[in-house]
Each structure stands twice: as structure tokens, then as C-alpha cells.
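Below, each value reflects all heavy atoms present in this structure, side chains not excepted, and no hydrogens, waters or symmetry copies. Residue numbers begin at 1 in each chain, while the letters A, B, ... track the order of the sequences. Remember, it's a predicted structure, so these values are computed and weren't measured experimentally.
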2 protein chains.
Amino acid sequence: MSPSNRSRLRAHPASLPPSTSSDGTRRRILETALQLFASRGYHDTSIRDLAKVLELQPSALYAHFASKEHVLAELVRIGHEAHHEALQAALKDAEPEPRQQVRALVRAHTRTHATHPQLAVVVNEELYALTPELAAPAIALRDKSTELLAEVIERGMAQKCFAPPHPRVTAAAISAMGVRLPYWYDQGSTLDVDTLAEAHAELALRMLCGDLAR
Amino acid sequence: MSPSNRSRLRAHPASLPPSTSSDGTRRRILETALQLFASRGYHDTSIRDLAKVLELQPSALYAHFASKEHVLAELVRIGHEAHHEALQAALKDAEPEPRQQVRALVRAHTRTHATHPQLAVVVNEELYALTPELAAPAIALRDKSTELLAEVIERGMAQKCFAPPHPRVTAAAISAMGVRLPYWYDQGSTLDVDTLAEAHAELALRMLCGDLAR
DNA sequence: GTCTATATATCGATAGAC
DNA sequence: GTCTATCGATATATAGAC
């Protein structure tokens with residue numbers, strides 16, 4: 001571990017999404033790894049660091065995961081699945097009208113990143129540390145999530161309710177609002193998650209609709 | 001170095017900003033470190049990896065930098081200074097009217113991230129790897145750059161030409177468009193930097209002005 | 001300023017007892 | 001499933017010749 005005491009994230013207890021099925025020691029390993037990988041990075045966190053926080057011997061971890069990389073892979077899988085399922089559920093519950101669908105997608109995207117910032121950071125910054133084989137399922141899910149937004153934008157443009165300056169650039173800008181959240185947003189501040197999600201939804205619609213009446 | 005062949009960035013020759021004063025072997029070290037730190041990460045790049053690409057012995061690097069961390073610190077310094085100077089120059093050349101100032105800031109922010117994607121990634125993802133002492137100057141510059149945008153937004157709101165849903169959230173959203181660029185934008189694609197910068201400027205104004213006439 | 005050689009520490013992972 | 005003990009590889013950095 002490096003001598004730096006700086007952390008990548010404002011420290012919070014690391015939380016896995018409710019859908020996470022692991023329990024017992026396996027779950028403790030995932031939660032602790034999430035905390036350490038988010039704050040120090042995967043390559044700067046050793047098996048010994050993990051074991052020390054868990055009050056286990058390093059060798060005990062290998063009864064639960066085949067390797068350090070497999071711990072990261074599981075976190076990456078959990079994060080991508082929770083995110084994608086949140087987007088799908090939001091779309092399903094929203095009215096079919098494009099503006100309502102964008103609102104629903106952006107709110108879900110923002111809520112995911114605001115309520116699980118450590119998982120968001122690990123998923124986004126450490127994916128490249130996985131071998132292509134272990135990263136592939138996550139990349140596939142990511143592409144599907146990207147496509148959900150792209151399709152809604154296209155439909156809105158066809159219906160003349162969206163007129164973004166550049167569809168792909170605008171989609172990236174909408175996604176970026178959420179992805180950057182963990183680096184500045186402080187849970188428990190005066191700005192609550194609902195207000196934040198609503199502000200992002202409004203910003204997304206301003207980007208897409210521009211001068212068009214809303 | 002990890003067994004993964006994945007890279008964090010679409011590979012391009014790493015370029016330092018024109019202002020970089022180093023030359024000779026010192027500059028070659030910085031350019032090579034920039035390439036490796038951006039694609040593999042600081043903690044996954046060893047002194048031996050660096051030396052191998054440079055066709056030098058590992059010990060030769062210590063005639064130019066006191067440590068691996070000092071190489072990163074110099075890259076982080078270069079990146080933050082180039083970025084901040086670009087923002088200041090843009091503001092200086094722009095008309096004082098808030099909308100024109102935002103246009104100028106966003107264009108400069110986007111151009112910096114689009115033309116030096118490796119430097120942007122290293123500056124943003126590896127700053128935490130520095131000891132607080134070495135990171136402090138960069139953090140101070142970052143705060144000043146953030147303040148440049150915040151001030152223009154405040155002035156625009158006072159003049160009733162900006163009405164963002166939430167000033168701090170909107171400033172973060174505007175910044176995020178640029179910061180996320182290196183992860184998807186491909187230099188040399190059909191989307192040129194000027195078009196991209198203009199699209200981002202337009203998106204920023206849509207976020208800030210909303211229904212107000214432009 | 002680059003080399004050869006190496007000091008010293010830590011890494012991920014395994015063997016085998018219980 | 002956790003322990004003790006350790007293997008073999010690799011890490012950053014230094015010493016001293018040229």
C-alpha cells in the first residue's frame with residue numbers, strides 16, 4: 001500500500017446493493033474489498049491489506065475467491081447488474097412518452113451513483129484491471145445500458161420533442177453527470193438525493209429539448 | 001504489470017502540452033510515463049516497465065527523478081497548469097458577457113481534455129496516489145479553475161440571463177462533460193474537436209439558460 | 001548520466017495441519 | 001474454513017564503477 005493517506009472518495013461505509021446474494025465471510029470480503037478498492041485503488045490494495053481489515057490470515061481469502069482479481073470481478077459484476085436493472089425497472093414504470101422516459105432513466109442513473117458511490121468508482125475505474133475474459137460480461141451490460149438511453153433519444157428526435165446539438169455527444173453528457181457524482185457529491189449533505197436526481201433530469205431535458213417548448 | 005492487455009484509453013501517442021519545458025531524457029521519461037500511467041495506471045506500472053520501453057536500465061531513471069512518485073507529481077503539475085492557463089486565457093480573450101464567458105470556458109475545458117486525453121486521465125485518476133504534500137499544488141489549481149466557472153455562473157444569475165435548476169449541480173454537470181471525454185471520444189474520428197467544443201458550449205448554455213431566450 | 005549488481009521489502013498464491 | 005509457514009516473483013531504490 002502506498003504511503004499516501006489520501007483517499008479517492010469522501011469516506012463512507014461501503015454498501016453493496018440490496019440484491020447482493022453473498023453472505024457470511026464471502027460478503028464481508030466483498031464489502032471490505034469495495035471499501036479499499038474504492039479508496040486506494042485495486043492495484044494499491046494487497047491481499048494482506050484486505051486480510052488485516054477482515055482480521056483473517058491472507059490465505060483464508062482463497063477459500064472464498066480464486067484470486068484477488070476474482071474479488072474485483074465479482075464487484076464489477078454486481079455493480080453493472082444493479083445499475084442495468086435499475087435502468088430497466090425505471091423505464092418499465094415510466095410512461096412511454098420520450099421526455100418521461102429520459103426523466104426516469106436519468107433519475108435511476110443518478111440515484112445509483114449517489115447511493116453506491118464506492119461501487120460506481122470501482123466499476124468505472126478498475127474495470128480495465130480485469131482480463132478481457134472477466135471484463136466481457138460487464139462491458140456487454142454497459143453497452144446495453146448505453147443503448148437504452150440512445151434509443152429513447154432517437155425516438156424523441158423522431159417525434160420532434162428532442163433536438164439536441166449532437167445526439168451522441170448529448171447522450172455522453174447526460175451519462176457523465178451521474179458518473180462524476182461520486183467525486184464531489186457528499187451523501188448526508190443538505191443536498192438530498194431526490195433533489196439531485198430531479199436536477200439532473202431537468203438538466204438532461206434542457207440539453208435535449210433546448211428551445212422547444214416543454 | 002498485470003496480465004491484462006486491456007487499456008483504460010483508446011491508444012494514441014501520448015502528448016505533453018507545448019508549454020512543457022523538459023527536454024532530453026527527462027522529457028522522454030515523462031512522455032513514456034504518461035503513456036503507461038494512462039493506459040495501465042500508476043500502481044500497475046513499475047519502474048522496470050518504464051525503463052524497458054525507454055531502453056534504459058531502471059537505475060538510470062533516478063538520475064532524472066527522485067522517485068516514481070515524483071514522475072507522477074510532475075505530470076500532475078503539468079496537466080493542472082496547462083488546464084488552468086487555458087481557462088484563464090479563454091476568459092481573457094472573451095467578451096465580458098456571461099454567456100460568452102461560459103462559451104469560452106467550456107470550449108477551452110473541452111479542447112484540453114480532447115487533445116490531451118492521457119494527461120487528463122492521469123491527472124484525474126492518479127492524483128490520489130500522491131502524498132498530500134505533492135498533491136497540494138494541483139488541488140489548489142483545481143479549486144481555482146472550479147471557481148472560475150462558479151463566478152461566471154453567479155454573475156449570469158445576478159444578471160438574470162442564467163437560471164439553472166441548481167447552480168452547484170449544474171456547474172458539476174458542465175465540468176463532467178469534459179472530464180469524461182477521454183473515455184469515449186476518439187481523436188481522428190469524424191467528430192472533430194471544434195464541433196465537439198461547440199456542442200459542449202451549446203449544452204452548457206442550455207443547462208444554464210433553460211427557457212430563457214438566447 | 002548510464003551501467004552492473006544488489007539490498008530490502010512486499011507481492012499473490014500455495015502446502016499442509018487442524 | 002481458518003491457521004502457520006513459506007515459495008517464487010517482483011517491487012522501489014541504492015552503491016559504486018565507468
Side-chain angles (χ1 to χ4, degrees), chain A residues 1-6 21-37 39-76 122 126 128-135, chain B residues 1-6 21-34 36-37 39-76 122 126 128-131 133-135:
Chain A
M1 205 183 250
S2 87
S4 167
N5 288 319
R6 282 188 54 75
S21 58
S22 302
D23 60 349
T25 302
R26 185 180 161 90
R27 191 188 178 98
R28 285 183 60 229
I29 293 173
L30 288 173
E31 285 170 340
T32 305
L34 176 57
Q35 180 68 63
L36 293 179
F37 292 172
S39 64
R40 314 294 312 254
Y42 171 74
H43 288 297
D44 196 32
T45 302
S46 70
I47 291 285
R48 283 173 172 80
D49 294 329
L50 257 174
K52 190 169 192 176
V53 176
L54 289 161
E55 295 181 294
L56 287 173
Q57 293 303 312
S59 57
L61 305 188
Y62 291 91
H64 303 276
F65 292 93
S67 71
K68 178 180 150 184
E69 190 187 356
H70 282 80
V71 179
L72 174 60
E74 176 67 355
L75 287 174
V76 166
V122 169
E126 310 291 3
Y128 78 98
L130 294 176
T131 52
E133 199 171 49
L134 284 174
Chain B
M1 207 183 247
S2 86
S4 166
N5 289 319
R6 282 187 52 76
S21 58
S22 302
D23 60 348
T25 302
R26 185 180 162 91
R27 191 189 178 98
R28 284 183 60 228
I29 293 173
L30 287 173
E31 286 171 340
T32 306
L34 175 57
L36 292 180
F37 291 172
S39 65
R40 314 294 311 254
Y42 171 74
H43 288 298
D44 197 32
T45 302
S46 69
I47 292 285
R48 283 173 168 79
D49 294 329
L50 257 173
K52 190 168 192 175
V53 175
L54 288 161
E55 294 180 296
L56 288 173
Q57 292 305 312
S59 57
L61 304 188
Y62 291 90
H64 302 276
F65 291 92
S67 72
K68 178 180 148 183
E69 191 187 356
H70 282 80
V71 179
L72 174 60
E74 176 68 354
L75 288 173
V76 166
V122 169
E126 311 289 6
Y128 79 98
L130 294 176
T131 53
E133 200 170 48
L134 284 173

Task: Verdict with supporting geometry, B:Y42 and A:H43, side-chain contact (heavy atoms from CB on, under 4.5 Å) - done: CA-CA 9 Å; B:Y42 171 74; A:H43 288 297; over 6 Å; no
Using whole Å, report how far [atom1] of [X] lies from [atom2] of [N].
| X | N | atom1 | atom2 | result |
| --- | --- | --- | --- | --- |
| A:L61 | D:dG1 | CG | P | 13 Å |
| B:H43 | C:dC11 | NE2 | C1' | 14 Å |
| A:Q57 | D:dT2 | CD | C1' | 9 Å |
| B:F65 | C:dT2 | CZ | P | 12 Å |
| B:D44 | C:dC11 | CG | P | 14 Å |
| B:L50 | C:dT2 | CG | C1' | 16 Å |
| A:K52 | C:dC11 | NZ | C1' | 16 Å |
| B:D49 | C:dC11 | CG | P | 17 Å |

TODO: Measure the spacing between CG of B:L34 and CD1 of B:I29 and express it to the nearest 0.5 Å.
DONE: 13.5 Å
Task: Spacing of A:D44 atom CG and B:Y128 atom OH [to the nearest 0.5 Å] - done: 6.0 Å
- [ ] Take nucleotides 13-18 of chain D nucleotide by nucleotide from the 5' end and write B, S or -, depending on whether a protein heavy atom sits under 4.0 Å from the base, only from the sugar-phosphate, or from neither.
- [x] BBB---
Task: Short side-chain N/O contact from B:H64 to OP1 or OP2 of C:dT2, under 4.0 Å - done: yes
Open item on the list: Check this one for me: any side-chain N or O of A:S46 less than 4.0 Å away from OP1 or OP2 of C:dT10?
Closed with: no
Do the non-hydrogen side-chain atoms of [X] and [Y] ever get within less than 4.5 Å of each other?
| X | Y | result |
| --- | --- | --- |
| A:H64 | A:Y62 | no |
| A:L61 | A:V71 | no |
| A:S22 | A:E74 | yes |

Task: side chain to side chain donor-acceptor pair (under 3.5 Å) against B:R28, all qualifying residues, sequence neighbours excluded - done: none
TODO: Describe the nucleic acid contact of B:A63 in one word from base, sugar-phosphate, nothing, applying a heavy-atom distance below 4.0 Å.
DONE: base
